[in-house]
Student: 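One structure follows; several queries about it will come next.
As the structure is a computational prediction, the values presented were derived from the model and not from experiment.
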Amino acid sequence: MKIHTTNYQNTFIEIAEDCPIQMGEIPPLRGDKKSVANLQYEMVQANPYKFTSDDVLFGVFAQRNEFIQDELAEERAKFFSKGQPCFRSSPLTKRYGWGVHSNEEGKIAIFGAETAEYQKFLADPSLQKVKAMRSSRK
């Protein structure tokens, strides 16, 4: 079975062109169940450069589906047996103003669009830069 990945190395994902805000915003809670944006934000913000994109995306999927520990390896293989959307389609980059930096190991951290670090990544010629996907068509 072929395994796909969403990981980038030495890459910065900029916020989407049509992102409604120009600064990092903590995704608000709506109701009693956390959204994908809440779960992604909590996992990456609390653990910068600890997880890869694959780790975060599957971690959120596993948490929302309430897998038990014994199922994780098999479910992860199934999850990545078909292509998955990367962080370019994350609500953090499309709606909430967070850029995502992937280091040389593919580990990620998020930075608000208003921060000096965000600007530093934009100006760094050694990094590949990609924009988050737009929420709407042009």
Student: Would you say the side-chain atoms of T11 and S102 include a donor-acceptor pair closer than 3.5 Å?
Tutor: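 No, no side-chain donor-acceptor contact under 3.5 Å.
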Student: Do Y49 and H101 meet the criterion of a side-chain donor-acceptor pair at a distance under 3.5 Å?
Tutor: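 Yes.
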Student: Is there a donor-acceptor contact under 3.5 Å from the side chain of R95 to the main chain of S135?
Tutor: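 Judged by distance alone, no pair lies under 3.5 Å.
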Student: Which heavy atom of E14 sits nearest to which heavy atom of K129, and what is that distance?
Tutor: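 The answer is OE2-CB, 3.5 Å.
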Student: Got a salt bridge between D55 and R76, using NZ or NE/NH1/NH2 to carboxylate O under 4.0 Å?
Tutor: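 Looking at R76 together with D55, the answer is yes, because their closest N to O distance falls below 4.0 Å.
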Student: Before you tell me yes or no, could you show the steps for V130 and R88 under side-chain contact (heavy atoms from CB on, under 4.5 Å), namely the whole-Å CA-CA distance, both residues' side-chain angles and the distance that decides it to 0.1 Å?
Tutor: CA-CA 8 Å; V130 293; R88 290 185 57 225; 3.9 Å; yes
Student: Any idea which heavy atoms bring A113 and I15 closest together, and the distance?
Tutor: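 Looks like CB-CD1, 3.9 Å.
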Student: Identify the two heavy atoms, one from F12 and one from L127, that lie closest to each other, and give their separation to 0.1 Å.
Tutor: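 Scanning both residues completely, I find the closest heavy atoms to be CB-CD1, 4.1 Å.
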Student: Are the side chain of N65 and the backbone N or O of F67 linked by a donor-acceptor pair below 3.5 Å?
Tutor: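 It does not hold such a pair.
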Student: Do T52 and D54 pair up side chain to side chain, a donor and an acceptor below 3.5 Å, judged on atom types alone?
Tutor: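 Note: T52 and D54 side chains miss the donor-acceptor criterion.
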Student: Identify whether the distance between the nearest side-chain nitrogen and carboxylate oxygen of K78 and E75 falls below 4.0 Å.
Tutor: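 Yes, this pair counts.
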Student: Looking at the rings of Y118 and F111, which for Trp means the six-membered one, are their centres under 6.0 Å apart?
Tutor: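 They do not qualify: ring centres at least 6.0 Å apart.
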Student: Would you name the heavy atoms of P28 and Y96 that are closest together and state the gap between them?
Tutor: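 P28 and Y96 have their closest heavy atoms at CD-CE2, 3.6 Å.
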